[in-house]
Amino acid sequence: MKCDAIWKDARLATMTGEGLGIVEDGLVAQRDGVILYAGPRDAAPPADAVETFSCEGRLVTPGLIDCHTHLVHGGNRANEWAMRLEGASYEDIARAGGGIVSTMRATRAASEADLIGTALPRLDALIAEGVTTIEIKSGYGLSTGDELKMLRAARALGERRRVRVEPTFLGAHALPPEYRDDSDAYIDLVCNEMIPAAAPLATAVDAFCEGIGFSPAQCARVLEAARAHGLAVKLHAEQLSALHGSAVAARHGALSADHLEHAGDEDVRAMARAGTVAVLLPGAYYFMRETRLPPIDAMRRHRTRIALATDSNPGTSPTTSLLLMLNMGATLFGLTVVEALRGVTVNAAAALGLTDAIGTIEAGKACDLAIWNVGDPAELVYRLGFNPLHQRIKDGR
């Protein structure tokens, strides 16, 4: 086979099958950014490669996927964090005009260039940990023009860096002040004006189903409008209360339902039946000092796929480390090494509707790899504040 590059002498964690898909003395060959062969070196077909690299026994995983972020935003909310340390709740701050609305004001005041410039360091930090695909939500503009500005900024990040960006429209994130007394009218705006305008820029639509966000019925309207415009759907659900938003997501064929601390057994069962991925966000759980764990046992029992993400955002998860989320997912939520690593690769790809393109190391997928200065996959989950990335490969480069 003719190929552009070969990586040999690798310990592959392909993520194929049910586990990590470990291949000892593995080899990966790619041409034009697509994997031609991945497997044992002694089973590889004869190859004529432009370049050959030795991994010297290092662990090679698929490039990591951060499937839930709010990376583009103006300002920060360090002052609100200090208020929470002094006893204020997230709901108290939100109802007093803080929370998402305070970030809205900073985002509206920022230019598109400002949003790109402030987001790039956050993106670079994730790239430096082996991330090759990232989802970026809007949701801090809360007006048609400002939401589109955020989506354009997200797309621009993918042009500035060698990374795949999946932009998600999250206009139904919070109620802007101009619609304070009429949430249904704002949902009308989201469905009838914002979603049609965002459709050329976004690949999916999300909403915040919560007492301080929007009701299940309102979120269902958003998901229906998104589907009518050919967009995939997902939902913030069961973070602070049990509104059964995850079941709403499942009924609409959502790619994922995210957070899920208050999800019940029937919610999890509905997600499993629909193929909706459970995206867990331990950074927000930790930062908000939550005590109610997501129903991991129910997810295992119903075989609901579990993904992990940073939820990188200025108010409740100001992190840019997906490796830290691996450890938090294990330490706080009790995930196994296999569950955690599949949660940032193959299951994260499913949460973005991209299982045909990324998430595993196998023929026909994009050649997105992370080469690590470790041999044991458990080290990626076990360590804190440690970045063992040796090299990141995006589309074979």
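Values below: every heavy atom of this structure, side chains too, minus hydrogens, waters and symmetry copies. All values derive from a computational prediction rather than experimental measurement.
With rounding to the nearest 0.5 angstrom, the CG atom of Leu326 is 9.5 Å from the CG atom of Leu335. Going from atom OG1 of Thr331 over to atom CE of Met328 covers 8.5 Å, rounded to the nearest 0.5 Å. Distance check: Cys209 SG to His244 NE2 gives 10.0 Å after rounding to the nearest 0.5 Å. Taken to the nearest 0.5 Å, the CG atom of Asn373 stands 10.0 Å off from the CD atom of Glu379.
Contact of the Lys137 side chain with the Thr69 side chain is not registered, since no non-hydrogen atoms from C-beta on lie closer than 4.5 Å.
Residues Val337 and Leu324 share a hydrophobic cluster, clusters being chains of Ile/Leu/Val/Met/Phe/Trp/Tyr side chains in contact below 4.5 Å. One hydrophobic cluster, built from ILVMFWY side chains closer than 4.5 Å, holds both Val381 and Leu322. Hydrophobic clustering (side-chain heavy atoms under 4.5 Å, transitive across Ile, Leu, Val, Met, Phe, Trp, Tyr) keeps Leu170 apart from Leu175.
Residue Glu18 qualifies as open at atom CD: its count of foreign heavy atoms under 6.0 Å is 12 or below. Atom OH of Tyr382 sits in a sparse spot, with 12 or fewer heavy atoms from other residues, nucleotides or ligands closer than 6.0 Å. No more than 12 heavy atoms of other residues, nucleotides or ligands lie within 6.0 Å of CZ in Arg160, so this atom counts as exposed by the packing criterion. More than 12 non-hydrogen atoms from other residues, nucleotides or ligands lie less than 6.0 angstrom from CZ of Arg301.
For Arg11 against Pro377, the heavy-atom pair with the smallest separation is NH1-CD, 3.6 Å. Nearest approach of Arg305 to Ala350, heavy atoms of both residues: NH1-CB, 3.4 Å. Ala284 and Asp311 make their closest contact through CB-OD2, 3.6 Å (heavy atoms, listed as atom of the first residue, atom of the second, distance). In this structure, Ala154 and Pro167 approach most closely via the heavy-atom pair CB-CB, 4.4 Å. Residues Val60 and Ala10 come closest through the heavy atom pair CG2-CB, 3.7 Å. The minimum heavy-atom distance between Pro282 and Leu308, with the atom names listed, is CD-CD2, 3.8 Å.
A side-chain N or O of Ser241 and one of Glu210 form a donor-acceptor pair less than 3.5 Å apart. With no hydrogens or angles considered, a side-chain donor-acceptor pair links Arg77 and Thr103 at under 3.5 Å. For the residue pair Asp258/His236, the side-chain donor-acceptor check at 3.5 Å is not satisfied. Side-chain contact check for Glu362 and Thr360: at least one donor-acceptor pair (N or O, by modelled atom type) lies under 3.5 Å. Inspection of the Asn313 and His73 side chains reveals no N or O donor paired with an N or O acceptor under 3.5 Å. Between the side chains of Asp206 and His173, no donor-acceptor pair is found at a separation under 3.5 Å.
Under the rule for a ring-ring contact (aromatic ring centres under 6.0 Å, His included), the partners of Phe333 that lie at least two apart in sequence or sit in another chain are Tyr285.
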**Message:** Would Leu293 and Glu261 count as a side-chain contact (heavy atoms from CB on, under 4.5 Å) here? Give the steps.
**Reply:** CA-CA 5 Å; Leu293 292 168; Glu261 283 88 339; over 6 Å; no
**Message:** Let's go through Val233 and Arg227 carefully: what are the C-alpha distance in whole Å and the side-chain angles of both, what is the deciding distance for side-chain contact (heavy atoms from CB on, under 4.5 Å) to 0.1 Å, and is it a yes or a no?
**Reply:** CA-CA 7 Å; Val233 297; Arg227 285 293 199 201; 4.1 Å; yes
**Message:** What verdict does the side-chain contact (heavy atoms from CB on, under 4.5 Å) test give for Ile134 and Leu71, after you've listed the backbone C-alpha separation in whole Å, the side-chain angles of each residue and the deciding distance to 0.1 Å?
**Reply:** CA-CA 9 Å; Ile134 182 169; Leu71 208 70; 3.8 Å; yes
**Trace of the side-chain hydrogen bond (donor to acceptor under 3.5 Å, both in side chains) decision for Asp146 with Ser143** = CA-CA 5 Å; Asp146 290 300; Ser143 72; 2.7 Å; yes
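Summarising the hydrophobic clusters (Ile, Leu, Val, Met, Phe, Trp, Tyr; side-chain heavy atoms under 4.5 Å, direct or chained), the residues clustered with Ile6 are Met1, Leu27, Leu36, Tyr37.
Note: His259 and His68 have perpendicular aromatic rings, judged against thresholds of 30 and 60 degrees for the angle between ring planes.
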